[in-house]
There are 2 protein chains.
Amino acid sequence: MNFSKTTEYALKILSYMALDYNKLYSAEEIFKELKIPYRYLRKQLTILSKSDLIKSIQGKFGGYKLSKKLEDISLLDIIVASGDKQLSNNCFFGFNECAFQEKCSFHNKWEKVRTEINMVLSTTNLAELKSNGPHGHANSNLLLTKIN
Amino acid sequence: MNFSKTTEYALKILSYMALDYNKLYSAEEIFKELKIPYRYLRKQLTILSKSDLIKSIQGKFGGYKLSKKLEDISLLDIIVASGDKQLSNNCFFGFNECAFQEKCSFHNKWEKVRTEINMVLSTTNLAELKSNGPHGHANSNLLLTKIN
DNA sequence: TTTAAATAATACATTACGGTATCATTTAAT
DNA sequence: ATTAAATGATACCGTAATGTATTATTTAAA
Ligand code: SF4
Ligand code: SF4
């Protein structure tokens with residue numbers, strides 16, 4: 001019950017790129033900031049650039065930039081783009097299909113949880129994280145040290 | 001963002017065993033009911049029997065039975081016993097340590113979600129699932145077919 | 001005491017994920 | 001054209017999760 005490492009990386013990357021919407025970020029720069037294993041970062045960036053969240057510019061002085069407005073990229077979008085199986089609609093107990101007409105006692109409880117999670121993840125977008133997210137955060141870096 | 005296969009199996013197994021508190025269930029019987037890969041099921045049952053949730057009786061006519069009252073086994077207990085990392089208290093974005101004094105904008109939102117999940121999982125126990133869970137479910141098997 | 005039916009232990013195989021290495025391609029500057 | 005600095009493609013490697021196979025041990029019944 002965790003997000004995959006890959007998804008975690010994607011969340012770090014995109015929330016970092018949100019700091020400057022128009023900037024072209026090189027893999028090198030993202031690596032220096034986030035310390036994600038360089039080769040793996042490179043691989044994931046090319047994968048992500050096939051989604052509609054970021055695009056890559058090849059060649060010298062190339063890099064990656066966001067391809068949508070900050071308000072149009074939610075945390076859920078990032079999770080989905082990173083390939084993580086999101087909390088599925090499947091049976092909590094793992095039954096492939098459930099033929100119960102009246103759902104069992106846990107069904108609705110869990111569906112409520114899933115809905116809540118999806119709500120939180122889909123209503124939080126990069127615009128919000130730009131000013132107050134894990135990176136920007138009101139110039140807190142003037143006062144505090146981020147530990148990676 | 002999913003439970004492991006192993007945890008899913010544990011949830012199936014324990015909620016099934018809740019149907020008859022005193023019964024000694026053989027691996028064979030659980031296999032026939034739940035269709036969990038037999039060898040893997042066997043392995044997991046011996047692992048689970050080292051937790052305080054179920055115990056094994058060896059020898060002919062042996063098997064497994066619950067070792068605590070139904071009310072004292074929560075879904076969270078099962079998840080923990082199965083070895084799955086529960087949704088951790090770590091930073092949503094994966095920072096090992098966060099030095100922010102004022103938490104970033106997503107911190108509290110996510111903490112609320114985690115709390116909610118833990119609440120639901122720890123307040124649902126096998127007693128509740130016995131009569132109304134995925135297996136028992138008010139004699140629904142007289143009317144419907146469960147599909148595994 | 002032997003046998004049968006169960007679990008325990010252990011080793012092996014397969015797959016998915018995370019991570020690394022190498023080479024190819026693109027593009028701007030010279 | 002050549003070069004340098006970037007990304008793209010691809011193949012490989014290591015580890016953990018999942019699944020399978022084999023042998024050992026336990027225990028009740030005959
Ligand atoms: S009703 Fe219960 S068994 Fe059926 S899908 Fe929902 S949680 Fe699973
Ligand atoms: S404040 Fe933000 S960056 Fe810090 S631990 Fe919480 S979620 Fe992570």
Side-chain angles (χ1 to χ4, degrees), chain A residues 1-13 17 23-51 53-67 79 81-86 88 94 96 148, chain B residues 1-13 17 23-51 53-67 79-86 88 90 94 96 148:
Chain A
M1 182 70 160
N2 269 313
F3 292 102
S4 67
K5 214 71 181 147
T6 304
T7 290
E8 205 173 87
Y9 292 159
L11 291 165
K12 276 186 177 173
I13 294 167
M17 291 176 74
K23 183 170 171 180
L24 209 55
Y25 292 88
S26 71
E28 176 74 12
E29 175 179 355
I30 296 173
F31 167 70
K32 281 184 178 146
E33 176 72 18
L34 300 180
K35 304 293 190 309
I36 297 166
Y38 182 68
R39 311 279 183 162
Y40 197 58
L41 170 65
R42 289 276 309 282
K43 195 197 282 187
Q44 198 183 350
L45 281 169
T46 67
I47 290 172
L48 284 173
S49 65
K50 281 166 183 158
S51 77
L53 302 186
I54 69 174
K55 59 186 154 198
S56 74
I57 312 289
Q58 290 192 52
K60 195 171 182 180
F61 300 106
Y64 305 87
K65 64 178 305 232
L66 297 173
S67 47
I79 290 165
S82 76
D84 203 314
K85 288 178 284 293
Q86 57 183 128
S88 66
N96 287 340
N148 301 310
Chain B
M1 182 71 160
N2 269 313
F3 292 102
S4 67
K5 216 71 181 145
T6 304
T7 289
E8 206 174 87
Y9 293 159
L11 291 164
K12 276 186 178 173
I13 293 167
M17 292 175 74
K23 182 170 172 180
L24 208 54
Y25 292 88
S26 71
E28 176 72 13
E29 176 180 356
I30 296 172
F31 167 71
K32 279 184 179 146
E33 176 72 18
L34 299 180
K35 305 292 191 307
I36 297 166
Y38 182 68
R39 312 279 184 163
Y40 198 59
L41 169 66
R42 289 278 309 281
K43 195 197 285 188
Q44 198 182 349
L45 281 169
T46 68
I47 290 171
L48 284 173
S49 65
K50 282 166 183 157
S51 77
L53 302 187
I54 69 174
K55 59 187 154 198
S56 74
I57 311 289
Q58 289 193 51
K60 196 170 182 181
F61 298 107
Y64 305 88
K65 65 177 304 228
L66 297 173
S67 47
I79 290 165
V80 169
S82 76
D84 203 314
K85 287 177 285 292
Q86 57 185 127
S88 67
N90 294 339
N96 287 339
N148 302 308

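Here the structure is a predicted model, which means the values were calculated and not measured. Numbered from 1 within each chain, the chains take letters A, B, ... in sequence-line order.
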Starting from [atom2] on [N], measure out to [atom1] on [X] and report it in whole angstrom.
X     : N      : atom1 : atom2 : answer
B:K65 : C:dT7  : NZ    : C1'   : 16 Å
B:E29 : C:dT7  : CD    : C1'   : 15 Å
A:Y38 : C:dA21 : OH    : P     : 13 Å
B:F31 : C:dT7  : CZ    : P     : 13 Å
B:Y25 : C:dA6  : OH    : P     : 16 Å
B:I54 : C:dA6  : CD1   : P     : 17 Å
B:F61 : C:dT7  : CZ    : C1'   : 14 Å
B:E28 : C:dA4  : CD    : C1'   : 14 Å

Checking contacts here: which listed nucleotide ([options]) is nearest the side-chain heavy atoms of [X]?
X     : options              : result
B:S26 : C:dG18, C:dA8, C:dA6 : C:dA6
A:Y9  : C:dA9, C:dG19, C:dT7 : C:dG19
B:T46 : C:dT7, C:dA5, C:dA8  : C:dA8
A:R39 : C:dA21, C:dA6, C:dA9 : C:dA21

Exercise for the section: Pick base, sugar-phosphate or nothing for B:K55, based on heavy-atom distances below 4.0 Å to the nucleic acid. Expected result: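 Touches nothing.
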Handout entry: Any B:M1 side-chain heavy atom under 4.5 Å of A:M1 side chain
Key =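 SC-SC contact between B:M1 and A:M1 confirmed.
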Problem - Residue closer to the 5' end of DNA chain D, B:R42 versus A:S49 (nearest nucleotide) - result: A:S49
Exercise for the section: Answer yes when A:K32 and A:E29 have at least one side-chain N-carboxylate O distance shorter than 4.0 Å, and no when they do not. Expected result: no
Exercise for the section: Check step by step if side chain to side chain contact (heavy atoms under 4.5 Å, CB included) holds for B:K55 and B:K65. Expected result: CA-CA 6 Å; B:K55 59 187 154 198; B:K65 65 177 304 228; 4.0 Å; yes
Exercise for the section: Heavy atoms of chain A, cut-off under 4.0 Å: which first and last nucleotide of DNA chain D, 5' to 3', fall inside that, if you could look? Expected result: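 Nucleotide range with atoms under 4.0 Å of chain A: D:dA4 to D:dA11.
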Exercise for the section: Apply the ring-ring contact (aromatic ring centres under 6.0 Å, His included) test between B:F31 and each candidate in B:Y38, B:Y40, B:Y25, B:Y9; give the one that qualifies. Expected result: B:Y38
